[in-house]
Structures are given as structure tokens and as C-alpha cells.
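Proteins come first, then strands; the chains are lettered A, B, ... in the order of their sequence lines, and each starts at number 1.
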There are 2 protein chains.
Amino acid sequence: MAQGKSTFMLRQRAFIKLYLITMTEQKRLYGFKIWETLEEEFKEFGYKPQRSEIYKSLHELLDDGILKSHNVEKEGTKRQEVVVYQFKNHDEAKAYKKLLKAELDRCVGLLQKALKDNYI
Amino acid sequence: MAQGKSTFMLRQRAFIKLYLITMTEQKRLYGFKIWETLEEEFKEFGYKPQRSEIYKSLHELLDDGILKSHNVEKEGTKRQEVVVYQFKNHDEAKAYKKLLKAELDRCVGLLQKALKDNYI
DNA sequence: AGATGAACATGATGTTCATCA
DNA sequence: TGATGAACATCATGTTCATCT
């Protein structure tokens, strides 16, 4: 069996996609706002996701057929269009989250093993 | 302040280097054997490091001035040379480990936050 | 400035090959 | 086959640029 991709840590893109799905379940947001939100959320962990990663992750979820998008006028006076997202296939979204749960657990386990193995 | 490199997860190379330092503290091993050992260790976590990553990590530690190497005849009948490692600068090795401790903690925290944020 | 996106550049890592005992 | 290493290829991700309101 060929190994293919990395078997080490989960990819940043997968991590972001997980958040995007959860955020879609909770509220209607658009790319830029999502970026601001996540940046703020992760600040204390020194993680500063790139804006482009957010957009690319959103586009991947569109390509995966998990989300669909439509343009909406941003609330407020300046009539500027933003792209908001909703589920196209919620079941697949749930399946993805389930998959990521296992992957997160695996990664935590690996890191905790390293802590155990290398520090006393 | 420019951001530069990724602020997400620690790099595989750093993870391996941490183990290499610890292994150097404990026993005298050489590249191929280290690879076999780590492969076995991480099997249950689905992580299968590449042999080349081990060698590259060892070379990096040499370049960093943390380890030094010398050739030794492999114990046994076939006289084959292997490359074994010992500390050139143990203080720097310790400093590296300390750094990595913080990095591992940070990454675990980030992943656990994701578990908390995305699953109930 | 806020927002979206594409294009480009680089870095990390996987795959393959060469060599030697 | 065990062992080391380099060369090559690719993918993930960061940086820059274009466009529009």
C-alpha cells in the first residue's frame, strides 16, 4: 500500500473547514468576517490564519458539494455585496465533522505521547 | 511585523528532532534503527515517518551544531559502517527541548479548543 | 477601508534513485 | 538486505496583486 500524503498532523485546511461547517450551523457569516472571528479566537494560541486560507477552504467546501453560496447585500448603509454560505449537503458536512473528530483525537494523542516520551 | 512561516501546527521535522535529541540522551542509535524504532512507536497513531525525514532531521541537528556524528562499525559479523550521534552542544539541545515543550503544549491547546468548539 | 479572489512564490515533505558493505 | 544520502517531485500554504463597493 502506497502511503501517499502525510500521516503526521492534520492539515490547516481541514482544521479551518471544520470551523467553517460549525459556523455555518450557527450563524450566517461571510469570508472576511469569518477570518476576523477566527483570528481573534486563536490569538491566544499564537495562531493567525491567513485570509486566503479561509477563502480557499470555503471554495473547497463548495467544490466538495457541502456548502453553497449566494451573494447578499451587506447590512448597513454602504451597499456592498458579501458572499454568505449555507449547507448544500448537511449529511456530508456531518460526516466530515465526524471524520475530523477522529483526526483531532489522533493528533492530540500523538502530541501527548511526545510530551510523555520526551519530558520526564 | 511580517508573519513569515506557518503559525498553525508544529512541523514534522521539529517533532522528529525532539525525539532524536531524547534518543541521543538515552542510547546510541543510528539513522536506520531510529527510523524502525519510531515507526513502531507511532504505528498505533497511524503515523509513519519517512526514512528520509529522519535523515534530514539528523542532518539539520548537525548543521545546528547540536549533534555531531561519527562512523562506527556495526556490531555483528558483517563489517558495515553506521553513523551514530552524540551531543556537540548539550545546552543547546536542552534549550531546543524546552522550546518544543511550549510548542507541543500550544498545539495540544489549539486542538483541544477545536474539539471543544466543534463538538457539543 | 472592507471584501473577494486569483496568481505567484516558497517551504515542507513525500518519492525515487544511487551507492556501498 | 541493511544503511546512508542526494535528487527530484508535489502539495500545502504564505505573499502579492487585481478588482470592486
Side-chain angles (χ1 to χ4, degrees), chain A residues 1-17 20 28-40 42 46-63 67 69-85 103 107, chain B residues 1-17 20 28-40 42 46-63 67 69-85 103 107:
Chain A
M1 51 174 169
Q3 195 191 328
K5 307 306 160 53
S6 176
T7 56
F8 183 53
M9 287 286 114
L10 88 164
R11 297 288 123 211
Q12 178 182 196
R13 198 75 58 86
F15 185 88
I16 293 175
K17 282 163 84 172
L20 293 177
R28 197 107 314 168
L29 290 176
Y30 53 93
F32 198 93
K33 191 58 78 181
I34 291 170
W35 170 66
E36 283 185 330
T37 306
L38 292 179
E39 216 195 10
E40 181 61 32
F42 297 134
Y47 171 41
K48 185 170 161 45
Q50 298 290 132
R51 242 190 352 253
S52 56
E53 281 303 306
I54 309 293
Y55 286 122
K56 277 183 262 183
S57 303
L58 283 167
H59 299 336
E60 267 189 34
L61 287 172
L62 292 179
D63 294 343
L67 293 185
S69 70
H70 54 116
N71 294 20
V72 171
E73 275 195 11
K74 189 184 173 187
E75 52 188 76
T77 45
K78 329 166 194 153
R79 78 190 82 83
Q80 178 174 11
E81 284 203 332
V82 295
V83 185
V84 294
Y85 297 84
E103 180 64 355
C107 290
Chain B
M1 51 176 167
Q3 195 191 327
K5 309 304 161 52
S6 176
T7 55
F8 183 53
M9 287 285 113
L10 88 166
R11 297 290 121 209
Q12 177 181 197
R13 198 76 57 85
F15 185 88
I16 293 174
K17 283 162 84 173
L20 293 177
R28 196 106 318 167
L29 291 174
Y30 54 93
F32 198 93
K33 191 57 80 182
I34 292 170
W35 170 67
E36 283 185 328
T37 306
L38 292 180
E39 216 193 12
E40 181 62 31
F42 297 133
Y47 172 40
K48 186 171 161 41
Q50 299 290 132
R51 244 192 347 258
S52 55
E53 280 303 306
I54 309 294
Y55 286 122
K56 276 182 264 183
S57 303
L58 283 167
H59 299 336
E60 266 189 33
L61 287 171
L62 292 179
D63 293 342
L67 293 185
S69 70
H70 53 116
N71 294 20
V72 171
E73 276 196 10
K74 188 185 173 185
E75 52 189 74
T77 45
K78 329 163 195 157
R79 79 189 82 82
Q80 180 175 6
E81 285 202 332
V82 293
V83 185
V84 295
Y85 296 85
E103 180 65 356
C107 291

Could you check whether Y55(B) and F32(B) have their ring centres less than 6.0 Å apart? no
How many Å lie between CZ on F32(B) and C1' on dT19(C), as a whole number? 15 Å
5' priority, DNA chain C, between E36(A) and R11(A) [closest heavy atom]: E36(A)
Y55(A) atom OH is separated from dT16(D) atom C1', nearest whole Å, by 15 Å
Using a cut-off of 4.0 Å on non-hydrogen atoms, how would the nucleic acid contact of K56(B) be classed: base, sugar-phosphate, or nothing? base
Among dG14(C), dG5(C), dA12(C), which nucleotide sits nearest the side chain of E53(B)? dG14(C)
Base, sugar-phosphate, or nothing: which does F15(B) touch, judged by heavy atoms less than 4.0 Å apart? nothing
Per V82(B) side chain, nearest of listed nucleotides dA3(D), dT4(C), dG5(D): dA3(D)
Distance check needed: dT13(C) P versus K17(B) NZ, whole Å only. 11 Å
Taking atom P of dA3(D) as reference, at what distance in whole Å does atom CD of E39(B) sit? 13 Å
For W35(A) and P49(A), indicate whether the former's side chain and the latter's backbone hold a donor-acceptor pair under 3.5 Å. yes
Give Y30(A) one of three labels, base, sugar-phosphate or nothing, depending on what nucleic acid heavy atoms sit under 4.0 Å from its own. sugar-phosphate
Less than 4.5 Å apart, side chain to side chain, heavy atoms only: is that true for Y47(B) and Q12(B)? yes
Starting from C1' on dT19(C), measure out to CD on E81(B) and report it in whole angstrom. 14 Å
I54(B) atom CD1 is separated from dA6(D) atom P, nearest whole Å, by 16 Å
Any chance the rings of F42(A) and F8(B) have centres within less than 6.0 Å? no
Y47(B) near the nucleic acid: base, sugar-phosphate alone, or nothing, with a heavy-atom cut-off under 4.0 Å? nothing
For K48(B), does its backbone N or O pair with a side-chain atom of T7(A) as donor and acceptor, under 3.5 Å? yes
With the side chain of S52(A) defined as its heavy atoms from C-beta on, choose the nearest nucleotide among dT13(C), dG14(C), dG14(D). dG14(D)
Rounded distance in Å - CZ (R51(B)) to C1' (dT16(C)): 11 Å
Specify the separation, in whole Å, of atom NE2 of H59(B) and atom P of dA7(D). 11 Å
Where the side chain of Q12(A) is defined as all heavy atoms beyond and including C-beta, which of dA3(D), dG14(C), dG14(D) is the nearest nucleotide? dG14(D)
Assign each of G31(A) and A14(B) the nucleotide of DNA chain C bearing its closest heavy atom; nearer the 5' end lies the nucleotide of G31(A)
If only side-chain N and O atoms of Q50(B) are considered, is one of them under 4.0 Å from the OP1 or OP2 phosphate oxygen of dT15(C)? yes
Just N and O in the side chain of S6(A): are any of them under 4.0 Å from OP1 or OP2 of dT13(C)? no
